[in-house]
Amino acid sequence: MPRMREALQEILADRQLLTSRGSVVAGASVPRGGDHQRRALSPGTHFEVNLRDADLMWKGRVDMLILSEEGCSISDIKTGQPDDSHQLQLQIYALLWSGDSDLNHRQTPVISLQVGYGAGVTTVEVPTRDESSVLRADLLMRTLQIRQELSLPIVPAKPCSANCGYCQVKLLCDDFWIIAPTIASPADRFRHIELVLTRQESDSVWVATTTSLEADFKKSEVFVKRPSERVSFWAELKPGFKLRLTDAMVTYGQPDAKPLISITAITEPLLIPAEP
């Protein structure tokens with residue numbers, strides 16, 4: 001995969017990003033590994049460059065960096081759609097390059113920032129000295145805030161679709177389950193659902209109530225179906241218990257019928273006993 005990625009970058013560089021940098025020597029390499037191997041970059045085209053600002057305590061990996069007598073050009077390759085966050089990412093890379101005393105001890109300025117998409121290349125404005133100072137101050141403040149929160153006995157949750165998408169502890173996070181219905185789409189077949197069990201309909205089906213689907217379908221009562229294979233927690237289900245399911249499959253039948261919540265191979269459950 002790294003070679004495929006580098007080959008793609010070389011193709012894009014040859015066709016689009018290097019057209020105005022004909023004097024640049026392509027193929028120059030950057031040492032990888034521990035900090036003891038970091039040294040000033042030589043003129044040329046470098047891929048997968050690890051930048052680090054020791055004072056800021058931020059680091060980032062640049063897809064492609066072109067160093068010439070004119071200055072430094074930084075490019076990032078994206079496989080998805082354009083997003084406003086990509087501009088900020090490139091400007092942070094510019095800040096890290098200016099603060100990397102190992103790779104850029106001569107303080108070569110950034111002269112170009114570009115994002116390469118499948119449809120073409122987008123140019124990002126290089127931040128001015130004053131804009132870089134404001135950005136640095138903002139990153140320092142954010143870093144301090146994060147460090148302070150990490151030192152607390154309980155780290156405060158900040159639930160949103162971006163933060164919670166890959167979170168490994170959302171089953172345990174009460175704040176997440178408050179906002180879970182608002183970050184889902186009615187078109188999503190797999191949903192994060194919190195249920196309160198009411199009665200057992202059969203060996204493989206329970207009836208439960210939920211607020212996770214009310215916003216979209218005005219449904220509060222659902223069927224919960226056990227998967228074909230046995231699951232250990234199924235025998236422990238009781239009326240009044242709360243059941244949290246991530247990536248459960250939701251199936252809708254007739255308009256007046258209860259939605260069916262199916263536990264699949266990718267579903268993760270958490271069973272919470274009723275409070276006494």
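Every heavy atom of this structure was used, including side-chain atoms; hydrogens, water molecules and symmetry mates were not.
Among residues two or more places apart in sequence or in another chain, the side chain to side chain donor-acceptor pair (under 3.5 Å) test is passed with Thr264 by Thr267. Every residue was checked against the ring pair (Phe, Tyr, Trp, His ring centres under 6.0 Å) condition with Phe241, not counting sequence neighbours, and none meets it.
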Do Thr128 and Glu131 pass the side chain to side chain contact (heavy atoms under 4.5 Å, CB included) test, and can you show the C-alpha distance, the side-chain angles, and the key distance before you say yes or no? CA-CA 5 Å; Thr128 64; Glu131 290 171 340; 3.2 Å; yes
Taking it one step at a time, do Thr122 and Gln87 satisfy side chain to side chain contact (heavy atoms under 4.5 Å, CB included)? CA-CA 9 Å; Thr122 299; Gln87 175 176 331; over 6 Å; no
Starting from the C-alpha separation in whole Å, work towards a yes-or-no answer on side chain to side chain contact (heavy atoms under 4.5 Å, CB included) for Cys72 and Ile111. CA-CA 6 Å; Cys72 173; Ile111 58 173; 5.8 Å; no
Step by step, work out the side chain to side chain contact (heavy atoms under 4.5 Å, CB included) result for Val207 and Glu221. CA-CA 7 Å; Val207 177; Glu221 197 169 56; 3.6 Å; yes
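The environment of CD in Glu69 is sparse: at most 12 heavy-atom neighbours from other residues, nucleotides or ligands sit within 6.0 Å. Atom NZ of Lys225 is surrounded by 12 or fewer heavy atoms from other residues, nucleotides or ligands within 6.0 Å. Within a 6.0 Å radius of CG in Asp138, more than 12 heavy atoms belonging to other residues, nucleotides or ligands are found.
One hydrophobic cluster holds both Leu260 and Val205 under the rule that ILVMFWY side chains link at heavy-atom gaps under 4.5 Å. There is no path of hydrophobic side-chain contacts, each under 4.5 Å, that joins Ile263 to Val196. No chain of hydrophobic side-chain contacts below 4.5 Å, direct or via other Ile, Leu, Val, Met, Phe, Trp or Tyr residues, connects Leu140 to Val134. At a threshold of 4.5 Å between side-chain heavy atoms, the hydrophobic network of Ile, Leu, Val, Met, Phe, Trp and Tyr places Leu271 and Leu195 in one connected group.
To the nearest 0.5 Å, the span separating CE on Met57 from OG1 on Thr143 amounts to 6.0 Å. In this structure, Ser112 OG and Ile74 CD1 are separated by 9.0 Å, a value rounded to the nearest 0.5 Å. If you take CZ on Arg106 and CG on Leu41, they are separated by 11.0 Å, rounding to the nearest 0.5 Å. From Leu243, atom CG reaches atom NZ of Lys238 across 15.0 Å, with rounding to the nearest 0.5 Å. For the atom pair Leu139 CG and Leu144 CG, the distance stands at 12.5 Å (nearest 0.5 Å). How far OG of Ser75 is from CG of Leu113: 8.0 Å, rounded to the nearest 0.5 Å.
Put simply, the side chain of Trp97 does not reach to within 4.5 Å of the side chain of Ile92, judged on heavy atoms. Put simply, the side chain of Leu135 reaches to within 4.5 Å of the side chain of Gln91, judged on heavy atoms. Taking the side chain as every heavy atom from C-beta outward, Met64 and His46 never approach each other to under 4.5 Å. A heavy-atom distance below 4.5 Å is found between the side chains of Leu95 and Leu56. Looking at Leu51 and Asp53, their side chains never come closer than 4.5 Å, going by heavy atoms from C-beta outward. Between Leu67 and Ser42, every side-chain heavy-atom pair lies at or beyond the 4.5 Å cut-off. Using a 4.5 Å heavy-atom threshold, the side chains of Glu194 and Phe176 count as separate. The shortest distance between side-chain heavy atoms of Ile261 and Phe223 does not fall below 4.5 Å.
Of the possible polar contacts, none joining the Asp100 side chain to the Asn104 backbone as a donor-acceptor pair under 3.5 Å is found. Of the possible polar contacts, one joining the Ser133 side chain to the Arg129 backbone as a donor-acceptor pair under 3.5 Å is found.
Checked for salt-bridge contact, Glu201 and Arg199 meet the test: a charged N lies under 4.0 Å from a carboxylate O. Looking at Asp174 and Arg244, a side-chain N of the basic residue comes within less than 4.0 Å of a carboxylate O on the acidic one, giving a salt bridge. Between Lys78 and Asp76, at least one side-chain nitrogen of the basic residue sits less than 4.0 Å from a carboxylate oxygen of the acidic one, meeting the salt-bridge criterion. Note on Glu149 versus Lys158: salt bridge recorded, some NZ/NE/NH1/NH2 to OD/OE distance being below 4.0 Å. A salt bridge does not link Lys170 with Glu268: none of the charged nitrogens is closer than 4.0 Å to a carboxylate oxygen.
Of all non-hydrogen atoms in Met249 and Phe190, the two that sit nearest each other are CB-CE2, 3.7 Å. In terms of heavy-atom proximity, His86 sits nearest to Tyr117 at ND1-OH, 2.7 Å. Across every non-hydrogen atom of Leu103 and Arg39, the tightest pair is CD2-O, 3.0 Å. Among all heavy-atom pairs drawn from Arg38 and Asn50, the shortest one is NH2-O, 2.8 Å. Shortest non-hydrogen contact noted between Ala157 and Asp175 is CB-OD2, 3.5 Å. Closest approach of Cys160 to Ile179, counting heavy atoms only: N-CD1, 3.7 Å.
A side-chain donor from one of Ser85 and Asp83 sits under 3.5 Å from a side-chain acceptor of the other.
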